[in-house]
Amino acid sequence: MADAPAGRDYRETVFLPDLPGDPFPLRAGLPKKEPERVKHWAEIGLYNLLRKDAAARPKYVFHDGPPYANGAIHIGHAENKILKDLVVRTRQMSGFDCDFVPGWDCHGLPIEWKVEEDFRKAGRKKSEVPAVEFRKACRAYADKWIPLQRDEFRRLGIEADWDNYYTTMSFPAEAAIAAEFLRVVRTGLVYRGSKPVMWSPVERTSLAEAEVEYQEKTSPMIWVKFPIVGVDRTITARSIELGTPADASADAVATHAKRVKDLDGASVVIWTTTPWTIPGNRAVSYSQGIAYGVYQVKSIEQGLQFEPWVKPGDKLVLADKLAEEALRAAKAEAWERLDRFDPIGVRIAHPLRGQGYEFDVPLLDGDHVTDDAGTGFVHTAPSHGADDFVIWTKHFGQEGIPFTVDEEGKLTKEAPGFEGLEIIQLEGKNLGKDGPANKAVMDALIAAGALLARGQLKHSYPHSWRSKAPLIFRNTPQWFIALDREFRDGKTLRQIALDEIERVDWGQKRTGETKDQNRIKGMIQDRPDWLISRQRAWGVPLPIFVKRSDGAILQDDAVDARIIAAMKEGGADVWWATPAQEFLGAKYKAEDFEKVEDILDVWFDSGSTHAFVVGNPDAPTRASFVNPVSTIYLEGSDQHRGWFHSSLLESCATRGRAPYDEVATHGFTMDEKGMKMSKSIGNTIEPQTIAAQNGIEILRLLIASAEYGDDLRLGKIMIDQSGEMYRKLRNTLRYCLGSLKGFEESERVPLNHDLPLMERWLLHRLWQLDRVVRQAYDTYQFRVALSAIVEFCNVDLSAFYVDVRKDTLYCDAPTSLRRRASRTVLGETFSRLTAWLAPILPFTAEEAWLTRFPETVSVHLRQFPQTPAAWEDDFAGEEVARLREARAVVTGALEVARRDKSIGAALEAAPRVFVVDDELRASLQAVDFAELCITSGIVIEAGEGPADGFRLPEVAGVAVVVEKAAGVKCARSWKYFDPSTADPRYPDITPRDAEAVAAWDAARG
RNA sequence: AGGCCCGUAGCUCAGUUGGUUAGAGCACACGCUUGAUAAGCGUGGGGUCGACAGUUCAAAUCUGUCCGGGCCUACCA
């Protein structure tokens, strides 16, 4: 072959990066390939291999917050689980053992509703279905969804212990949740109080806000007088300053005297549309922001067909803005404003004083009071309204809130004079209409002379969405966990929780962001006691007995142990299915105790998962949870009031510490305009759709590149952009694979400063990138890592290193040191890129890795490669940066020449480069600058260069004049060269190419 | 309605303690290449930093008000 004819086609001698059979095509076919890979990982038991591999490493616990076992997963679930997967995978590859046990939350209303509906369709009311049967149906419902969701999560590429997931409804979990509650009971924090809830007398049940619908209803409205019975001398700011209990100045005495005179016989007037709540009245609220006056009636309207209740001379206290309206309703004709009214120190009586309502009624300052309607004073019945309850408990705690209404909506003996009266009619054709309670109360008020006026009002009123009957607010006994009761080293639960919030890293240690910490802190600071009892069916009971004689909770280890043991065997159902005496044993008599039948707030369930899933902190459930370096929770930012919150309180109550060391949050998925996704608007995007159309890695990449702490925007443009990013990354891996084709260990060169500058520089870049990527992954800032990787691939590799080195890679002989160095360093690059990308692109990284190393098991069993400190090479870094600046002037000049049509490809040029600076000129001369500029030749000269030379304003002292390359075009490398230098055997190619072809020919005989 | 948070090029993001003409990648336009080719390279256009007011010699950066958006304020998870 030595005498190869001129005009030979050298293409076969060029080391092009195409791969035989193209095992790693640019067109990835992700939608089809991803599910196959998931199946493969399951088959080889990758998860167990990961555990085995990492068994000896430090532990890092990621505790999965359980999604609700109901319905197909949506895009929010996908973001959540993908972010978790990113953390788990990066921890695992950063030298830790990061075991991930996924879980499901199973109890709660949504399933209860669904099951209730199913029973109703079958013609059975919930009240007719035995509790155990009903619960069994709920369990079956959750059980149906778990495997479906699990498969959807696996499709997202989430690596987890999918065969050993946890649920909050497994028997051991239910027993553990009950046991956790009993632990809290032992702290003394659990107490029985009460709270008004939305109640449907017709259905005899409480309702959730979501079960309530608002409809028009006509109600009576009444203005009621609360007589003023005393005016105390007030303590002014000035007297406090002077240290005297009351202002004793002569002026103050006179002012007080006038005040007493003005208010003598006066009444504070309230307005309400629920007369039946008057027996429950315990306070009147006012607002400091409203101006009030004392009004005296001068005359009443004449010619009325009835005698109004108001009389000339009556003194009424009203908000100035609403006084006229109230006085007109009372049929007053003329009145006089005697004075402004100051509520401080005024004592008033219940309007039914003398009939069992002997107490004074305090005047309370409340933010909820407005002067938009009514009288500016708000009738406050803590049993019958949320605002009422809040303002009352703020001043007086749980004391003194009466139970004036029973579960049928009848007034009780705590409403003297009205016992047994129905608020709403429960039967007959008037079902849902007002019962006799309203009229009876109004009659009593009239008889007491306390009614000022009345009328009728059509307004929006809550109704049950099922029975359509009107609802009432009813005070019911409930169980609470106290936040401000000292229990552990003299600290309260609130204090311990706040201390733990300081200890935990909410991002302030990782990124300096304090918003999550502030948010949870604010919530814990402000929240009321934890209401933990619910009158529902699908949950874990409060497994306690209350002594009838004194209301104390029975605390007996033997009883508790029997309850827990039974639940471990038979689940929470045993609480309903087992006679109380069996739990109580021989020591107690069942009839002496009330068995609590409420269920626990489902937040208590999820707040207890740390106890039975990871065994926080001293009873780890797996070897991989022993002595963790750190325990992290990561959820949507709504969980500040959800899981983060309940877990914190539960664990602080039972263990005195938060169950986590780190918390990270993510925002919500929005549409492309940043608007909330909703089915009714039709702007939702399903993860299943992205998986089927684009491949789930496109979504993973999108999430990894986002600032996930903020809301995530999702639309076609973003998905397309992510697809482009994917293509670039994949093509980079593909090019590496092609360039490394047939690489053998013997070809490897030592990685030291004897390498060519380009390779020294590339190693230096990898060293830099290594630091950025590690630091970013350590702080869960995936976008920082990814953008550094992408920029490296685009700017350093594709546009520079590879572009320059193509000539070497394609045309040098295999023995060329330059080519060997390049391939060795590209191997290191490939090694790092596949590792760094593996958490984000688990499918593609695996595909690339196994394409190069088919004998290995999985890229995911790797660690992020250690990068030797010796790769740091500031000289190479700075030198190449200078060379690239000069190169930018050359490419700029070539672009001008191209526009002139004087050249096409860069190889057609041989520019002259004028460099003023001696040092820079020396740098250019120290390397093959033509190679860097991908030109066939280059001339470096000293000086400013000609005036019409090409210059860039940002690169001073460099000018370029483009000249066409001399000689002939090499038939192999397409470089222009002097044919007189050619090897006679290969006259049409450069000597370098001739050497390579000779070797190629020799290898093939 | 309140509490907390977000708002920099078409898109995703950088912008150190306030300090020169506000950056990157992608997208877009034009050109080159046709040996990364349903690829690769180069050049270029594009931003009153949500709006307004203030503090300052100087504001994307600090303060206030407003606008737009989100989460929370559920016997929802």
Task: Annotated protein contacts, base or backbone, on nucleotides 32-45 of chain B with a non-hydrogen cut-off under 4.0 Å, one of B, S, - each - done: SSSBBSBSSSBS--
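Using a 4.0 Å heavy-atom cutoff across all strands shown, A:Gln478 reaches at least one base atom of the nucleic acid. Within 4.0 Å (heavy atoms only), A:Gly738 reaches no atom of the nucleic acid at all. Residue A:Gly674 is in sugar-phosphate contact alone, with no base atom involved, counting any heavy-atom pair closer than 4.0 Å across all strands shown. When heavy atoms are screened at a 4.0 angstrom cut-off, A:Val602 is found touching the sugar-phosphate backbone but no base atom.
The aromatic rings of A:His666 and A:Phe668 sit tilted, their planes meeting at an angle between 30° and 60°. In this pair, A:Trp538 and A:His107 present their aromatic rings perpendicular. The plane angle is above 60°, beyond the 30 to 60° band.
Nucleotide B:U43 forms a pair with B:A29, judged by Watson-Crick or G-U wobble geometry with both contacts under 3.5 Å.
In this structure, the ring of A:Trp643 has its center less than 6.0 angstrom from the ring center of A:Tyr633. Taking the six-membered ring for Trp and the full ring otherwise, A:Trp530 and A:Phe604 have centroids separated by under 6.0 Å.
Within a heavy-atom distance below 4.0 Å of RNA chain B, the residues of residues 514-531 of chain A found are A:Lys515, A:Arg519, A:Met523.
The main-chain N or O of A:Met718 is never found under 3.5 Å from a side-chain atom of A:Ser722 such that the two would form a donor-acceptor pair. Here the side chain of A:Trp603 pairs no donor or acceptor atom with the backbone of A:Gly642 at under 3.5 angstrom.
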Every protein N/O lying under 3.5 Å from an N/O of nucleotides 7-10 of chain B:
none

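Salt-bridge annotation for A:Arg536 and A:Asp598: absent, with no side-chain N of the basic residue lying under 4.0 Å from a carboxylate O of the acidic one.
Rounded to the nearest Å, the gap between the P atom of B:C52 and that of B:G68 is 16 Å.
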